[in-house]
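Just dropping this structure here.
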There are 2 protein chains.
Amino acid sequence: MRTAILDHAIDLLVTEGAAALTMRRIASGIGASTKVLYTMFGGKEGLVDALYREGFARLRRAQQRAHRAEDPLTRLNDLAAAYRAHALAEPAYYRVMFEQAVPGYQPSAEALDAAESAFDASVEAVQACIDSGVFAPGDAREISKLLWAAAHGAVSLEIAGHFPPETAARRFHTLTAAVGQAFLADEHGQGRTS
Amino acid sequence: MRTAILDHAIDLLVTEGAAALTMRRIASGIGASTKVLYTMFGGKEGLVDALYREGFARLRRAQQRAHRAEDPLTRLNDLAAAYRAHALAEPAYYRVMFEQAVPGYQPSAEALDAAESAFDASVEAVQACIDSGVFAPGDAREISKLLWAAAHGAVSLEIAGHFPPETAARRFHTLTAAVGQAFLADEHGQGRTS
DNA sequence: AAAATTGGGTAACAGCGTTACCTCCGAGTT
DNA sequence: AACTCGGAGGTAACGCTGTTACCCAATTTT
């Protein structure tokens with residue numbers, strides 16, 4: 001039952017966007033009354049919270065699927081590409097997760113913690129880059145977050161319409177590569193990022 | 001009259017957030033009926049469009065105010081810092097501009113064009129870095145957009161709650177510095193970003 | 001078997017964006 | 001100067017939203 005509600009909510013979100021995500025439509029879509037949603041999720045906020053977590057769970061699975069290549073730097077690149085592909089595949093989900101597409105919702109601390117686990121694969125890949133000497137020693141978690149911010153910035157501007165489609169992919173790659181480059185092992189004497 | 005409406009709408013947006021930005025509240029706040037808003041702006045979308053443009057106009061002014069330092073690289077850093085400061089000073093505005101805090105609104109092509117002018121100062125600063133030999137030759141507009149994406153990503157994650165306050169400033173600086181570093185003139189033989 | 005508790009449907013409330021209707025004020029015409 | 005006419009603005013309604021008080025049926029407990 002709970003999964004039926006979530007499935008239909010996700011379907012509405014993906015096919016018609018966040019504006020169509022109303023309690024009445026979800027309820028009528030599963031042939032029930034809105035009361036069920038309130039006993040089950042406590043309100044729209046609880047339902048959106050479930051969608052938020054589901055969105056990051058999907059992102060985590062997408063990242064794990066991309067976590068295959070041998071070379072650690074290639075793996076990191078693949079993860080970044082998978083991040084963008086996942087975001088663009090379901091922009092409505094991305095908006096729920098990062099921009100608050102549902103007006104009132106603010107993720108709780110637990111939800112934010114759960115979201116963080118979506119980037120475990122990225123942290124591992126960065127750590128592998130450090131361990132193999134490709135990256136200089138450093139905090140893998142911190143570097144991963146910076147890569148995330150760069151990727152998120154590029155994707156977010158793309159979804160918002162500021163990056164035209166034909167250049168968005170190139171910019172995404174250039175930006176993530178530029179950030180990655182800053183953490184390369186110091187083989188050439190270039191400056192270190194503070 | 002038009003400015004009175006916008007002033008009150010901005011006031012509502014800044015002090016109570018996007019959720020309080022309703023046609024009825026704006027109208028009653030200026031002691032008029034909602035009909036005025038519709039004859040003047042054509043609907044909520046037109047009003048939010050005006051707020052969107054105003055937000056980028058304010059950002060542009062904030063960038064111009066920060067555009068003072070002599071050293072081009074310092075100037076670019078100042079612009080980045082001003083960008084973050086401006087975004088954090090009025091997060092509700094930032095949400096209207098980048099995340100679509102008002103459910104239905106999607107900026108028109110003209111609005112996106114107008115938004116772009118907010119980054120003229122950044123493009124100029126990048127061009128100055130190239131002209132003075134600090135940056136390698138390249139497309140200043142393109143580099144500026146990448147810096148923008150990085151800054152936006154860090155600020156956006158900060159506002160969304162993913163970056164705790166005490167580390168957000170450091171991460172913002174590290175990230176923008178890392179991106180800037182990738183475009184430095186090739187004095188040390190480090191690899192070039194493709 | 002009777003009683004208590006729980007889950008779900010109905011219908012209502014307040015508030016939202018929007019608009020049809022009407023009034024009324026000011027400008028242009030005769 | 002009076003009269004008409006056009007458009008700006010207020011009133012009130014429509015259909016929608018999230019939410020909940022009320023009620024009934026069904027299930028579980030004693």
For this session: Spell out protein contact along nucleotides 8-24 of chain D as letters: B when the base is contacted, S when just the sugar-phosphate is, - when no protein heavy atom is under 4.0 Å; keep the 5' to 3' order.
Result: -SBB-B---BBBBB---
Problem set entry | Nearest heavy atoms of A/Ala118 and A/Gln63, plus distance in Å |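 Shortest heavy-atom contact: O-CG, 3.8 Å.
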Problem set entry | B/Tyr93 and B/Ile10, any side-chain heavy atoms less than 4.5 Å apart |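 Contact flag for B/Ile10/B/Tyr93 side chains = yes.
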Exercise. Sub-3.5 Å donor-acceptor pair from the side chain of B/Thr176 to the main-chain atoms of B/Phe172, do we have one?
Worked result: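 Confirmed, B/Thr176 side chain pairs with B/Phe172 backbone.
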For this session: Go through the structure and list residues passing side-chain hydrogen bond (donor to acceptor under 3.5 Å, both in side chains) with B/Gln127, not counting sequence neighbours.
Result: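 Only B/Asp131 meet the side-chain hydrogen bond (donor to acceptor under 3.5 Å, both in side chains) criterion with B/Gln127.
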Just list the side-chain donor-acceptor pairs under 3.5 Å for residues 25-32 of chain B, sequence neighbours left out, or say none.
from: B/Arg25; atom 1: NH1; to: B/Glu16; atom 2: OE1; distance (Å): 3.0
from: B/Arg25; atom 1: NH2; to: B/Glu16; atom 2: OE2; distance (Å): 2.9
from: B/Ser28; atom 1: OG; to: B/Arg24; atom 2: O; distance (Å): 3.4
from: B/Ser28; atom 1: OG; to: B/Arg25; atom 2: O; distance (Å): 3.4

